[in-house]
Amino acid sequence: MAKYPNDTPFVGYCNKDCKASAALLLRLKNLGFPNVRAMEEGVQAWAEKGYPVKIGISKLNIQPIPQEE
């Protein structure tokens with residue numbers, strides 16, 4: 001993430017009823033990226049409204065947060 005300026009905007013999204021993007025956005029905030037937003041209704045609702053959806057693999061490589069035992 002070091003190659004991205006701190007003011008880089010990020011949008012997190014999941015499928016309907018998924019909360020994983022919220023964890024990602026929190027992690028980005030903790031890394032010093034304040035300009036993060038969530039797509040509240042999810043990508044399925046976006047597509048249902050007729051907005052474009054591109055299927056592919058993200059260029060970001062963010063590792064999962066280790067779970068505390």
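One-based numbering along the sequence shown.
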Here the ring pair (Phe, Tyr, Trp, His ring centres under 6.0 Å) pairs for residues 19-39, sequence neighbours left out, are Phe10-Phe33
Interatomic distance, OH@Tyr13 vs CG@Leu25, rounded to 0.5 Å, equals 11.5 Å
Residues 43-50, side-chain donor-acceptor partners within the protein, below 3.5 Å, at least two apart:
from	atom 1	to	atom 2	distance (Å)
Gln44	OE1	Lys16	N	3.1
Trp46	NE1	Pro52	O	2.8
Lys49	NZ	Glu41	OE1	2.8

Closest non-hydrogen contact found for Ser21 with Cys14 is N-SG, 3.1 Å
Exercise. Tell me whether Val11 is reachable from Leu26 by hopping between hydrophobic residues (I, L, V, M, F, W, Y) whose side-chain heavy atoms are closer than 4.5 Å.
Key: no
Exercise. Does a side-chain heavy-atom distance below 4.5 Å link Met1 with Leu28?
Worked result: yes
